[in-house]
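See below for the structure under consideration.
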Amino acid sequence: MAVTVAHAAVAQSPDGRAGGGHAAGHIVTMQKLDWAMAGQLATEAVRACAAQGYSVTATVVDTTGHQQAVIKGDSVPLQSLSVSYRKAYTAYSYGLAFNMNTTSELIAAKVTGPANGALNTIPEVLFVPGGVTLRRASDNSVLGGIGVSGAPGGEKDEACAQAAVQKYRADFR
C-alpha cells in the first residue's frame, strides 16, 4: 500500500515565519502565567474571601484548561475543589470564545453554549458566578481563568477572584 503526503502551501509573514501562530520549525508557542503568579492569584483570592469570613478554594487554569494552581481555605467543603476548577475552566474557555470576562457576564448574556446544548454536557463547564477570565495587560489576550468556590453565593466568590486579578493584573505582561 502506498501512502502519499501532500504539503499545503503556507503563507509566510515578512519575517519568514509561517502564518497561523506557528514559528518556523513547527513549534507552537503559547502565552500563560507562570506558576508563581498563578499561585499568588489563587492565594490572594482565598485571602480576600478569608478577610470577609469565607473559607474558599481558588483554582487557576492555564491556556490548556488544566489546573495550574489550587489553594484551599482551612474549612472548605469538599465540593468547592471541583466547583472552583469548573468556574475557572468556564471563565477561561467561554470567556475566550465569547470575549467576556466573568462567568456572571456569560450568564447575563445568556451564553450557555451552542443552541443544541451539546457542550453543556461537558463535565468541566459550569455557568455559576465565581469565575474570571485572565487577560494579558498589554493586549487583553486570554491567559487562563480563575475560579473561586465556598463563599455563601457566587457573587461573593467572584468578588474575591476579581480582587486577586485587580491586584496582579498589571503584572500579566
Side-chain angles (χ1 to χ4, degrees), residues 11 13 18-23 28-35 37-46 48-49 54 56-71 79-173:
S13 63
H22 294 105
V28 177
T29 58
M30 66 179 180
Q31 298 286 318
K32 70 177 199 174
L33 298 175
D34 65 21
W35 66 269
M37 179 53 66
Q40 286 178 289
L41 272 172
T43 300
E44 184 58 32
V46 171
C49 271
Y54 311 134
V56 300
T57 300
T59 301
V60 174
V61 298
D62 64 15
T63 52
T64 66
H66 290 100
Q67 294 175 355
Q68 190 175 14
V70 178
I71 301 294
Q79 68 274 15
S80 73
L81 184 61
S82 65
V83 172
S84 68
Y85 165 69
R86 293 173 68 195
K87 288 178 180 183
Y89 180 91
T90 304
Y92 160 63
S93 60
Y94 281 78
L96 176 65
F98 294 97
N99 197 31
M100 295 195 180
N101 295 309
T102 66
T103 50
S104 288
E105 286 181 18
L106 292 164
I107 293 164
K110 301 192 183 319
V111 173
T112 57
N116 69 7
L119 287 179
N120 295 340
T121 63
I122 296 173
E124 292 84 2
V125 175
L126 182 63
F127 289 100
V128 174
V132 177
T133 307
L134 302 175
R135 295 185 180 274
R136 190 172 179 171
S138 60
D139 64 5
N140 222 28
S141 61
V142 176
L143 299 169
I146 182 170
V148 175
S149 176
E155 70 285 350
K156 293 175 180 68
D157 292 329
E158 196 163 290
C160 295
Q162 286 278 34
V165 171
Q166 286 304 111
K167 181 173 181 175
Y168 292 109
R169 188 162 193 279
D171 295 328
F172 298 176
R173 293 179 256 138

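Just so you know, these numbers come straight off a predicted model, no measurement behind them.
- Not counting sequence neighbours, the partners of Glu44 by the salt bridge (Lys or Arg N to Asp or Glu O under 4.0 Å) test are Arg47, Lys167.
- Inter-residue side-chain proximity for Thr133 and Met100 is flagged as unmet; no heavy-atom pair is nearer than 4.5 Å.
- The side-chain heavy atoms of Arg173 and Ser138, taken from C-beta on, include no pair separated by under 4.5 Å.
- Here the shortest heavy-atom pairing between Ala45 and Ala164 reads N-CB, 3.6 Å.
- In this structure, Leu134 and Val165 have side chains that are in contact, with non-hydrogen atoms separated by less than 4.5 Å.
- For the pair Met30/Thr64, a side-chain contact is recorded, criterion being any heavy-atom separation below 4.5 Å from C-beta on.
- Judged purely by atom type and a 3.5 angstrom limit, Lys87 uses its side chain to pair as donor or acceptor with the backbone of Pro129.
- In terms of heavy atoms, Cys49 sits closest to Val148 at SG-CG1, 4.3 Å.
- Aromatic ring pairs are classed by plane angle as parallel below 30°, tilted from 30° to 60° and perpendicular above 60°; the pair Tyr85 and Tyr89 is tilted.
- Not a single donor-acceptor pair under 3.5 Å links the side chain of Tyr92 to the backbone N or O of Leu143.
- Two residues are said to be in side-chain contact when any heavy atoms from C-beta on lie closer than 4.5 Å; Phe172 and Leu41 meet this criterion.
- Taking the side chain as every heavy atom from C-beta outward, Cys160 and Val56 never approach each other to under 4.5 Å.
- Remark: Gln79 CD to Ser149 OG distance equals 7.0 Å, nearest 0.5 Å.
- Applying the side chain to side chain contact (heavy atoms under 4.5 Å, CB included) rule to Asn140 yields the partners Arg135, Arg169; only residues at least two apart in sequence or on another chain are considered.
- Taking both residues in full, the closest heavy atoms of Gly95 and Leu106 are given as N-CD1, 4.3 Å, listed atom of the first, atom of the second, then distance.
- Note that NE2 of His66 is 13.5 Å distant from OG1 of Thr59, once rounded to the nearest 0.5 Å.
- Judged by distance alone, the side chain of Glu158 and the main-chain N or O of Thr102 form no donor-acceptor pair under 3.5 Å.
- When all heavy atoms of Val61 and Ala88 are compared, the pair lying nearest together is CG2-O, 3.6 Å.
- In terms of modelled atom types and a separation under 3.5 Å, the side chain of Thr103 and the main chain of Gly130 share a donor-acceptor contact.
- Minimum interatomic distance between Ala42 and Ile71 (heavy atoms only, all atoms of both residues): CB-CG1, 3.6 Å.
- Gln68 places a side-chain N or O within 3.5 Å of a backbone atom of Leu33 that can act as its donor or acceptor partner.
- Nearest heavy-atom pair, Thr63 versus Val142, reported as atom, atom and distance to 0.1 Å: CG2-O, 3.8 Å.
- A distance-only check finds a donor-acceptor pair linking the side chain of Thr90 to the backbone of Leu126 [under 3.5 Å].
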